[in-house]
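Order of the sequence lines fixes the chain letters, A, B, ..., with proteins taken first and strands second; residue numbering starts at 1 for each chain.
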Number of protein chains: 4
Amino acid sequence: MAPGSSIGGAEDPAAQVSESEAEQEPVPQRLLTAATRLFAERGFETTSVQEIVDAAGVTKGAMYHYFGAKDDLLYEIYARILRVQTARMERAVDSAESIQQRLRAVAVDVVVTTVTHLDDTVIFFRSMHLLHPDKQAEVRAQRRHYHERVRRLIEEGQSTGAFRSDRSAELVVDFFFGAVHHLGFWYRRDGPMSGQQVGEQFADLLLDSLRPDSSG
Amino acid sequence: MAPGSSIGGAEDPAAQVSESEAEQEPVPQRLLTAATRLFAERGFETTSVQEIVDAAGVTKGAMYHYFGAKDDLLYEIYARILRVQTARMERAVDSAESIQQRLRAVAVDVVVTTVTHLDDTVIFFRSMHLLHPDKQAEVRAQRRHYHERVRRLIEEGQSTGAFRSDRSAELVVDFFFGAVHHLGFWYRRDGPMSGQQVGEQFADLLLDSLRPDSSG
Amino acid sequence: MAPGSSIGGAEDPAAQVSESEAEQEPVPQRLLTAATRLFAERGFETTSVQEIVDAAGVTKGAMYHYFGAKDDLLYEIYARILRVQTARMERAVDSAESIQQRLRAVAVDVVVTTVTHLDDTVIFFRSMHLLHPDKQAEVRAQRRHYHERVRRLIEEGQSTGAFRSDRSAELVVDFFFGAVHHLGFWYRRDGPMSGQQVGEQFADLLLDSLRPDSSG
Amino acid sequence: MAPGSSIGGAEDPAAQVSESEAEQEPVPQRLLTAATRLFAERGFETTSVQEIVDAAGVTKGAMYHYFGAKDDLLYEIYARILRVQTARMERAVDSAESIQQRLRAVAVDVVVTTVTHLDDTVIFFRSMHLLHPDKQAEVRAQRRHYHERVRRLIEEGQSTGAFRSDRSAELVVDFFFGAVHHLGFWYRRDGPMSGQQVGEQFADLLLDSLRPDSSG
DNA sequence: AATGAATGAGCGTTCATTCAT
DNA sequence: GATGAATGAACGCTCATTCAT
């Protein structure tokens, strides 16, 4: 992978304030930021490499020094959001709360993360098919890992009676994350609801379907 | 191109009725069918007009005779599935059944229709942003019309007490249709579940969230 | 293969004298002529497609309408000279002359043909390795076919005693054609010797090695 | 390439002792060895500087430290083989043997040297035109010097009656060396004949053409 | 002596669309 | 209605070379 493409990175603890004019960020980050915005605005295939490097203030040669191909940018965008969401989900799942609270935390969190990185999500589901098959497989595997962890959480709740058992855990997961992944099609950050609010309500809807039926 | 390399295949094992020699379908339909398959397989941007006309067994000139541009094909694919789904939804909504039964029918039906025309759905959500803005607006308006009709159905149920009122009808609609529109990412027609089965379970999950709470 | 790429072509039986200004020749021929000159002048990799189409007075699009890739031009240049040389060799080999006269005719002819199409020959041996492997294999097979026909002619002469038998027919063929294929490195059409003269002398040298030894 | 395959040969026959870990050879040689192999395998134009330095285990900066440009590598490869062949030819020509034996020794030797350094020869005749004109002129002059020395040897034999005089010494030289220079197109080191065997037979063919005619 | 990030010009190729026929 | 040759602009990518370190 390209150097400097880490995401969370706590680099630069010291303040290097004095950088007189240009490059605040390393080149790979600048490219990723520019690409994310442009891909979300006009689509992957409709954005030229020239537009990306112009927006990032570098040359094509520099880009190809760090990324092997245009769709490596796509891959990095995916990998980045996937890494963030997986790490957060695992923290929530493994917490000491009740199972309802843990599932609710996962649900709220994935909505909040999704709307925070809405561009990445939009790009992801619009353009995954344009990724090189090998990288596509990697991304799918990682996504599947995420879903399966959540499915096991639900099954755990079903086995203890915390959740009703006559709902397919797998289908509930596909249903819920389908709804989440579709947020990019309608959610507006400048609209009436915060990500947190949507997350709470989505969590309600998810838990509605798993609450043990008083009549059964 | 070699003579006889047309796509429909001149095999004619028996006499399939009166179609004496060539074209089973009119040219525009053949083009739409070919385009749908190719767009779903490899994406709109990645499919060339040449590939479409080859697959349809016609020439470029013929295509431009019927369609003003490549993205007119996209528009027609959208319009077609939208017309079908809207008509079916309206029939279900306006039936004489109970409101629960009507909402359930709508839910099952949109899932069944979606998986029946999975290619169209996949193309739709992947490529809508590539459509000419004017046509994109038309498509969005039609989609909104659909969602709003269903939202009003839910609100009607909430006002009569058939559905619980502490769920936002609008959000429930976005949530549910989000899940439905995402089917293309995981549903496989050759998998274990029929469209009808998924539809029934999705309907269960939708109604779970609207069933009046026995405790409140 | 591209339309109109035949070489000997007896087309144009009628005299179309009146063509007022431009295109004397069909586009594919114009491209091949321009490419041959440029490849010989500066090499295949050093000549850009843009230079070729400019020299031919057409656009890139037109070129790619007739040739699938830049190296299809190379292939056509090879195939053209190979076709000509093979046809002429076969005519000479199958004539009614004595075997010495037939071999001499082949030898003279391949030299004459080579210096007549010296550009093609130079390009051929300089750039064959840049051809797509599949096409390279085709070209090699055709070349081998040529060599083997001549080898059999020599073996025929050896079996009848017309040629001495203690020279390897195969090696003689490789030796002689090696010398011929190298003509492009030193022969100058504006130099002191005509192709016919070089051909006669090369033929002498070839036959020197096959003349039955008076002492053995 | 295996250690010890250097061209001048007498280095370190015993004592490969103290080379503790890495670089057996100095950087320029490593680059030349890598470049030779790659140019022969895929051609000069098709081999990137990056590939060469990777194969040599150095960086681009190191290469440009020793060689002014990519085609300096080409020039060095030419100069190297030319130096070797010229030195060996002069030794043979100036020996005390009969003129027939001296010409034969030259002929055998150039074949043996050529197949021993077949990669260099292949590169030479494929890519000489890509060399900077000045360096190309140097190389041609050196090559001409070689040919002329051999031509004078033949003329010497013709003037003494050792060789027949009705063959053009110049043409015989072009003919013979043409055949030799073409060895790279068909000779395989893993084939049935050793370089020595091919050399002997090539020498026979050369001398066949110069043997005084018993009938004239 | 050696690094490797960065340049910048140029490459082969694609492709939606047009238009004379 | 339909053809298919031709356009022309743009595309992703390569690469020899430079240069601050």
Exercise for review: Give a yes or no answer on whether the side chain of B/R30 reaches the backbone of B/A56 with a donor-acceptor pair at less than 3.5 Å.
Suggested key: yes

Check your understanding: Can you check whether B/M128's main-chain N or O pairs, donor with acceptor, with B/Y78's side chain at less than 3.5 Å?
Key -> yes

Check your understanding: Considering only side-chain heavy atoms of D/V27, which listed nucleotide, F/dA2, F/dA6, E/dA2, is closest?
Key -> E/dA2

Practice item. Using heavy atoms to find the nearest nucleotide of DNA chain E for A/M63 and B/A69 separately, return the residue whose nucleotide is more 5′. Key: A/M63

**Study point:** Basic-acidic side-chain contact under 4.0 Å: D/D71, D/K135
**Key:** yes

Point to revise | B/A62 side chain, from C-beta outward: closest of F/dT3, E/dT7, F/dA5 | key: F/dT3

**Study point:** Protein-nucleotide distance (A/D54, atom CG; E/dA6, atom C1'), rounded to Å
**Key:** 15 Å

Check your understanding: Rounded to whole angstrom units, what separation is found between the CG atom of A/L31 and the P atom of E/dT7?
Key -> 11 Å

Practice item. Mind listing the closest non-hydrogen atom pair of A/L38 and A/I52 along with its distance? Key: CD1-CA, 3.8 Å

**Study point:** Minimum-distance nucleotide (side-chain atoms of B/S48 versus E/dG4, E/dC15, F/dT7)
**Key:** E/dC15

Exercise for review: Could you check which nucleotide pairs with F/dT3 in any of the strands shown, counting Watson-Crick or G-U wobble with both distances under 3.5 Å?
Suggested key: E/dA20

**Study point:** Nucleotide forming a Watson-Crick or wobble pair with F/dC15, both distances under 3.5 Å
**Key:** E/dG8

Exercise for review: Look at the side chain of C/E76 and the backbone N and O of C/L73, then say whether any donor-acceptor pair between them is shorter than 3.5 Å.
Suggested key: no

Review item, nucleotides 18-21 of chain F N/O atoms under 3.5 Å of protein N/O:
none

Practice item. Would you indicate what B/T46 reaches in the nucleic acid, counting non-hydrogen atoms under 4.0 angstrom: base, sugar-phosphate, or nothing? Key: nothing

**Study point:** Side-chain (D/K70) to main-chain (D/F44) donor-acceptor, under 3.5 angstrom
**Key:** yes

Check your understanding: Looking only at side-chain N and O atoms, does B/H65 come under 4.0 Å of OP1 or OP2 in F/dA2?
Key -> no

Check your understanding: When all nucleic acid strands are considered with a 4.0 Å heavy-atom cut-off, which category describes D/F67: base, sugar-phosphate, or nothing?
Key -> nothing

Study note, to complete from the structure: Judged by nearest nucleotide, the residue sitting upstream toward the 5' end of DNA chain F, B/V58 or A/E45, is B/V58

Review point. Tell me: CD of C/E25 to P of F/dA5, nearest whole Å?
Key: 18 Å

Revision key, fill the gap. Result for 5'-nearest mapping on DNA chain E, choosing between C/K70 and B/V49, is C/K70

Check your understanding: Under 3.5 Å, is there a donor-acceptor pair linking the side chains of C/R80 and C/T36?
Key -> yes

